[in-house]
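Here the structure comes first, spelled out in C-alpha cells, and everything after it is commentary.
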Amino acid sequence: MYLGLDLGTSGVKAMLIDGDQRIIGSASGSLDVSRPHPGWSEQDPAHWIRATEEAVAGLKAKFPHELAAVKGVGLSGQMHGATLLDAENKVLRPCILWNDTRSYHEAAELDGDPRFRNITGNIVFPGFTAPKLVWVKNNEPEIFAKVAKVLLPKDYLRFWLTGEHISEMSDSAGTSWLDTGARKWSPELLAATDLSEDHMPTLVEGTEQGGSLRGELASQWGMGQGVVVAGGAGDNAASACGMGTVAEGNAFVSLGTSGVLFAANGSYLPKPESAVHAFCHALPNTWHQMGVILSATDALNWHSHLTGKSAAELAAELGETLKAPTGVTFLPYLSGERTPHNDAQIRGAFIGLGHESDRAVLTQAVIEGVTFAIRDNLEALKSAGTSTSRVTAIGGGSRSRYWLASIATSLGVAVDIPADGDFGAAFGAARLGLIAATGADPVAVCTPPKTAETVEPVAALSQAYEAAYERYRATYPAVRSIAH
C-alpha cells in the first residue's frame with residue numbers, strides 16, 4: 001500500500017492506494033486560515049500536524065490492515081508558504097501563505113534585480129517565498145535573526161514525519177531561490193535576500209526518497225519500519241502526476257480555491273514577462289508552465305457568503321445549459337492577481353449592473369469572470385510557446401457542467417471530465433510514494449485517467465463570449481487606474 005498526504009489550504013487529505021493504483025480510501029482533517037490584516041493570510045504549522053493526524057486516524061479506523069501495509073508515503077502541498085524554524089527546529093511565527101500579498105513592495109524590489117528572472121525564469125510574485133523573508137527582515141528583524149531553516153508547508157510536514165530538512169524541485173521552484181533550469185539552489189539569489197544554502201533544505205527529485213518515516217509515527221499508525229517518504233511535489237505538480245499530465249502537450253485546468261491552467265513541458269521554457277510560471281515538474285528532467293489566478297471557487301464562495309446561498313444552490317439556479325453573457329462583467333481579483341497582471345493591489349469589481357441584475361445574473365458574471373481569467377492564462381501560455389487543443393478539468397468547480405461549458409466556449413478547446421475517481425494531488429502524491437518505494441518507471445505509473453465525458457465549445461455562443469471577453473479585458477486597466 002502507498003499513502004498520499006496532501007496539505008491544502010482548507011485541509012489535509014490522506015489517500016491510500018494499492019500496488020495497482022486502486023484507491024482503497026481517503027480521509028481528511030480540516031484547516032482554517034487566519035487573516036489578521038487585509039491582504040494577510042497565515043496558518044499555524046501545528047494545525048497541519050493536527051489535521052494530518054486526524055486524516056490518518058480516519059484511515060486507520062476504516063482500513064487498519066491496509067495502513068499497516070504502507071511501504072511508501074508521498075507528499076503534496078500548498079506552495080510558496082514561508083515556515084520559519086530556529087536552530088532548535090521551533091516554529092518562529094505563523095506560516096505566511098501563498099495567497100498573502102503583504103510583501104508586494106519587497107517582491108517588486110527583488111523583481112527589479114534582473115538576476116531573479118534570469119536564474120528562476122519567473123517574475124518574483126508577492127506570494128512567493130523570498131519576498132516574504134525580506135518582509136520579515138524589514139518588519140520583524142528579531143525573528144529574521146533567529147531563522148535557521150526556511151521550509152515550504154509540505155516540507156515542514158516532512159520534517160515532522162522524518163526528522164529531516166528536505167524539499168524537491170517542483171515546490172522549490174516557487175520560492176524565487178531556485179535555479180530552475182539547473183534544478184539547484186542559487187547561492188547568488190539567496191545572498192541577495194541575506195540567506196545562504198544553510199538556510200535551505202537539501203533537494204531531491206519528487207520521485208526519489210526524501211527521508212523515512214520516524215519509528216515512533218510508524219508504530220502509532222501500525223506500520224512497519226523503513227517506510228520510504230518520497231520527495232513529493234507542490235500541489236499543482238502533484239495534481240499533474242495524478243492526472244497523468246507529465247508528457248509534452250498535456251494540460252489540465254484546476255478550479256479549486258485558486259485557478260490553474262497547467263501544461264507539461266519536455267524542456268525548460270521560461271517567459272517571465274508573461275507572468276506565466278515556468279517550474280520544475282515532479283519527474284526528473286521535466287518542467288511545466290502554468291498560469292495562476294488567485295480566486296476561482298474562492299470567488300463563488302465569496303458570492304455565496306454575500307447571498308446566503310451555497311455555491312451548489314447558486315450553480316443550480318443557472319442550470320446546465322450555457323447562456324449568453326448578460327453584459328454584467330465581474331473581475332475576480334479579490335486578493336490581487338498573478339497571471340497575466342502580477343498585480344497584488346488590484347481588487348475585484350462588478351461592472352454593468354442594472355435594476356434587472358438579479359442574483360442569477362451576478363452568479364453567471366462570477367463564473368464568467370473566472371472563466372475569462374483562465375482565458376487570460378491560455379493567452380499567456382500561448383505567448384510562452386505552449387498550445388493545447390484540449391484540457392482535463394479537476395477541482396471542486398469542475399462539478400459544474402455550466403462552468404465547464406463556459407471554459408470550453410471561451411478557450412475554444414474541448415474539456416475532458418475524468419471517469420469517476422479522485423485524480424487530484426493526494427492521488428498524485430500516493431503515486432510518487434509508490435515510485436520512490438519501488439523504483440517503478442514514473443511515466444508508466446503516471447498515466448491519465450479514462451475520460452468519462454467531453455464538454456465541447458458551444459459554437460452558437462462563441463461570438464457573444466468573445467465580445468464579453470473583450471469587455472473583460474478592457475475593464476482591468478480602467479479599474480487599475482482607480483485601484484492603485
Ignoring hydrogens, what is the shortest heavy-atom contact between Arg473 and Pro340? Give both atom names and the distance.
NH1-CG, 4.4 Å
If you compare all heavy atoms of Ala393 against all heavy atoms of Pro418, which two are closest, and at what distance to 0.1 Å?
O-CD, 3.5 Å
Checking side-chain polar atoms at under 3.5 Å, does Asn377 have a donor or acceptor matched by the opposite partner on Thr339?
no
Count the heavy atoms of every other residue, nucleotide or ligand shown that sit under 6.0 Å from CD of Glu142, and state whether that count exceeds 12.
yes
Just checking, any donor-acceptor pair under 3.5 angstrom between side chains of Gln289 and Thr386?
yes
For His165 and Asn89, which I'm curious about, is there any donor-acceptor pair between the side chains at under 3.5 Å?
yes
Establish, for the pair Arg375 and Tyr469, whether the NZ or CZ atom is under 6.0 angstrom from the six-membered ring centre and no further than 45 degrees off its axis.
yes
Answer yes or no: does atom CZ of Arg399 have more than 12 heavy-atom neighbours from other residues, nucleotides or ligands under 6.0 Å?
no
Modelled atom types, side-chain donor and acceptor of Trp98 and Thr9, under 3.5 Å
yes
Examine the side chains of Tyr104 and Asp343 and answer whether a donor and an acceptor come within less than 3.5 Å of each other.
no
With no hydrogens and no angle check, do the side chains of Ser172 and Ser167 hold a donor and an acceptor under 3.5 Å apart?
yes
Considering all heavy atoms, the nearest Cys241-Leu283 contact:
SG-CD1, 3.8 Å
Go through the side-chain N and O atoms of Thr371 and Ser406 and say whether any donor and acceptor fall under 3.5 Å apart.
yes
Shortest non-hydrogen pair, Tyr472 vs Phe330, comes out as CE1-O, 3.5 Å
Side-chain heavy-atom pair Arg359, Glu317 within 4.5 angstrom cut-off
yes
Exercise: do Asp6 and Ser76 side chains pair donor with acceptor under 3.5 Å:
yes
Would you say the side-chain atoms of Thr257 and Asp298 include a donor-acceptor pair closer than 3.5 Å?
no
Parallel, tilted or perpendicular, judged at 30° and 60°: which one describes the rings of Phe262 and His288?
parallel
Here the salt bridge (Lys or Arg N to Asp or Glu O under 4.0 Å) pairs for residues 360-372, sequence neighbours left out, are none
Between Tyr333 and His341, ring centroids under 6.0 Å
yes
